[in-house]
Amino acid sequence: MPQRLPLFRAARLVGISRGTLQRRIHDEGIDTFEGQILVDDLVKLFPHTPLEQDSEYERVQHIKKHAFAKRVRERLMPSAEVLAARVAELGRELAATRAHLSLYQTILEQITLRLREAGENPSKKEVHGLLHWIKGILAEPPAPSDPRKDLFVNDTVLRIMAAHVKIQPSNHEFWLEGNDSLLDAGVRAGLALNYGCTSGSCGLCKARVISGEVKKIRHHDYVLSEAEKNMNYILMCSCTAVSDVVLEALEASSEADIPFQEISTRVKRIERPSNDMLLLHLQTPRVQRLRFLAGQSVHLSLGNSTGAELPIASCPCDDRNLLFHIPCTKDSAFCAAVNNLKKGDPVTVTGPEGQFLLNEDSQRGQIYIAYGAGFAPVKSIIEHAMALELPSEMDLYWIVDKEDELYLHNLCRSWDDALENFNYHPRVNRDALETLLSTPETLRKRDVYLAGPEDRVLSASERLLAAGLPPGQLKSCILSPV
Ligand code: FES
């Protein structure tokens, strides 16, 4: 095991999110070098890391798994072939380590022998001292309570069960588990990778393997040219990682990189969490998923000339299962039409569009202010930030007129419970801005995301800007009436 570990791997080994580890490193004043931490520093920070603990990492994963449209993902074992390849690689490393150990043993024996010869002169006290020390060290078995032991075991298990993937030129990283394709694992980790069909036909997910070993997991119709094959190009939707891998791949950096799409989806289910709110769950076909960025909107058509523009409330990391929050008034024809939908009914989705997007490059913490159903695009962005494991502080102010308008109150509380850097502030019939405006210094250090009906958003924007929030740190989303 190396003396330094990349933070991404170190966090996984001690069972916490990368964001939490970054905060601990910052708080304890520990030095890192090029995104790596010394193993000894990691052990000092987390001296007790039992293998079987129900760690925070597991808790966060659990929350995320259930938060993201209740998508329950099987944690599949890697295939036998991939497991065999990984175990063989570990075997090669073990053999190399044994060879080194044997060499060191020989060197030590030689040193001992020579020192003993030189030490026959009784005046050479230091030589005797050194001899004594070498003898003692060689006789001593490794300490059973070596705090690095669990870390080494964790690292070995991790290397068998998951592969680490790094994307160039962005330096984004993610873990690939089981038999996931590189594309699925990357999208699930919150990366806006380039793709289309997800089934090996369009070629849009083409990427170049810079290092590491990948394996084809399904046939693809798209034909890579001989030149592309020679340059190590692969299709991410059709390959998995056998070892840790570095890829060169395209990622969307703005809404302009996301194509306009039209997808015929099916109703998966409809929930009614309160009297005036419907949650519409749609599912895309397996081979035509919706590419979008968190916070964007689409147009929904129900096929009877009824339609509406709605923000997507789910995370782009779950691109097949789309969620929409539909506020209902008694005059809303769209709401009435959705109310009559049944499981399996078709709904056409067109889009996406919108610039209410997370500033992923910002080091500032985020304040989310959601008025009523403005929670929908905010939820998508928060879940995306969670998938990316952003370390920055997140505060959610959900402002409603009546208690039952906090229609996903328990979900927000579960985020607050599970994530160290997330704070939930529900506000019923109260001016939440007062708290924020009372500390303008703090406000100016944050990015503010504001969503809701037009009058509330415009008035809040005006007050925030008047309090000194730089305009570049404010993003807003005005909901279209449905
Ligand atoms: S996404 Fe179309 S070939 Fe991979």
Side-chain angles (χ1 to χ4, degrees), residues 68 71 73 76 78-79 81-82 163 165-170 172-243 245-266 282-294 296 298 312 314-322 349-352 384 387:
F68 298 168
R71 168 175 52 78
R73 175 168 61 90
L76 294 170
S79 72
E81 207 178 320
V82 169
V165 183
K166 189 169 194 170
I167 302 290
Q168 300 285 21
S170 68
H172 284 145
E173 301 167 278
F174 59 91
W175 290 104
L176 183 148
E177 290 168 13
N179 268 333
D180 276 351
S181 70
L182 288 156
L183 179 65
D184 281 348
V187 169
R188 196 172 291 135
L191 274 61
L193 292 164
N194 202 36
Y195 67 94
C197 65
T198 70
S199 61
S201 307
C202 68
L204 288 174
C205 66
K206 209 184 294 174
R208 189 167 71 85
V209 180
I210 296 173
S211 68
E213 193 184 337
V214 302
K215 174 178 161 289
K216 205 160 149 184
I217 46 174
R218 67 169 70 95
H219 166 80
H220 54 78
D221 291 336
Y222 183 86
V223 181
L224 290 163
S225 69
E226 278 310 307
E228 285 173 330
K229 283 185 202 161
N230 290 337
M231 289 171 71
N232 289 336
Y233 275 95
I234 53 138
L235 296 182
M236 286 188 288
C237 68
S238 305
C239 291
T240 191
V242 175
S243 64
V245 166
V246 180
L247 298 176
E248 184 182 70
L250 288 176
E251 288 174 80
S253 58
S254 75
E255 70 283 2
D257 296 330
I258 302 288
F260 190 81
Q261 300 146 78
E262 178 171 327
I263 300 177
S264 179
T265 67
R266 298 276 163 187
L282 300 178
Q283 190 166 59
T284 72
R286 195 174 294 279
V287 294
Q288 199 188 8
R289 308 176 190 189
L290 182 71
R291 259 190 92 192
F292 67 100
L293 298 176
Q296 288 197 296
V298 289
I312 304 163
S314 45
C315 177
C317 54
D318 189 7
D319 52 356
R320 257 200 99 192
N321 295 297
L322 310 176
V349 173
T350 46
H384 177 57

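Counting starts at 1 for both ligands and their atoms, following the listed order.
A cation-pi contact, defined as under 6.0 Å to the ring centre and within 45° of the axis, is absent between Arg188 and Phe174.
Within the sub-2.8 Å shell of atom 2 (Fe) of ligand 1, the protein contributes these N/O/S atoms: Cys197 SG, Cys202 SG.
Shown here for Phe260 and Pro352, the closest heavy-atom pair between the two residues is CD1-O, 4.4 Å.
Exactly one residue among Asn321, Thr265, Ile258, Val298 makes a side chain to side chain contact (heavy atoms under 4.5 Å, CB included) with Leu290. That residue is Val298.
Between the Gln261 side chain and the Pro259 main chain, a donor and an acceptor come within less than 3.5 Å of each other.
Remark: Thr240 pairs with Val82, Leu176, Lys215, Ile217 by the side-chain contact (heavy atoms from CB on, under 4.5 Å) rule, at least two apart or across chains.
Using modelled atom types and a 3.5 Å distance limit, the side chains of Glu262 and Thr350 yield no donor-acceptor pair.
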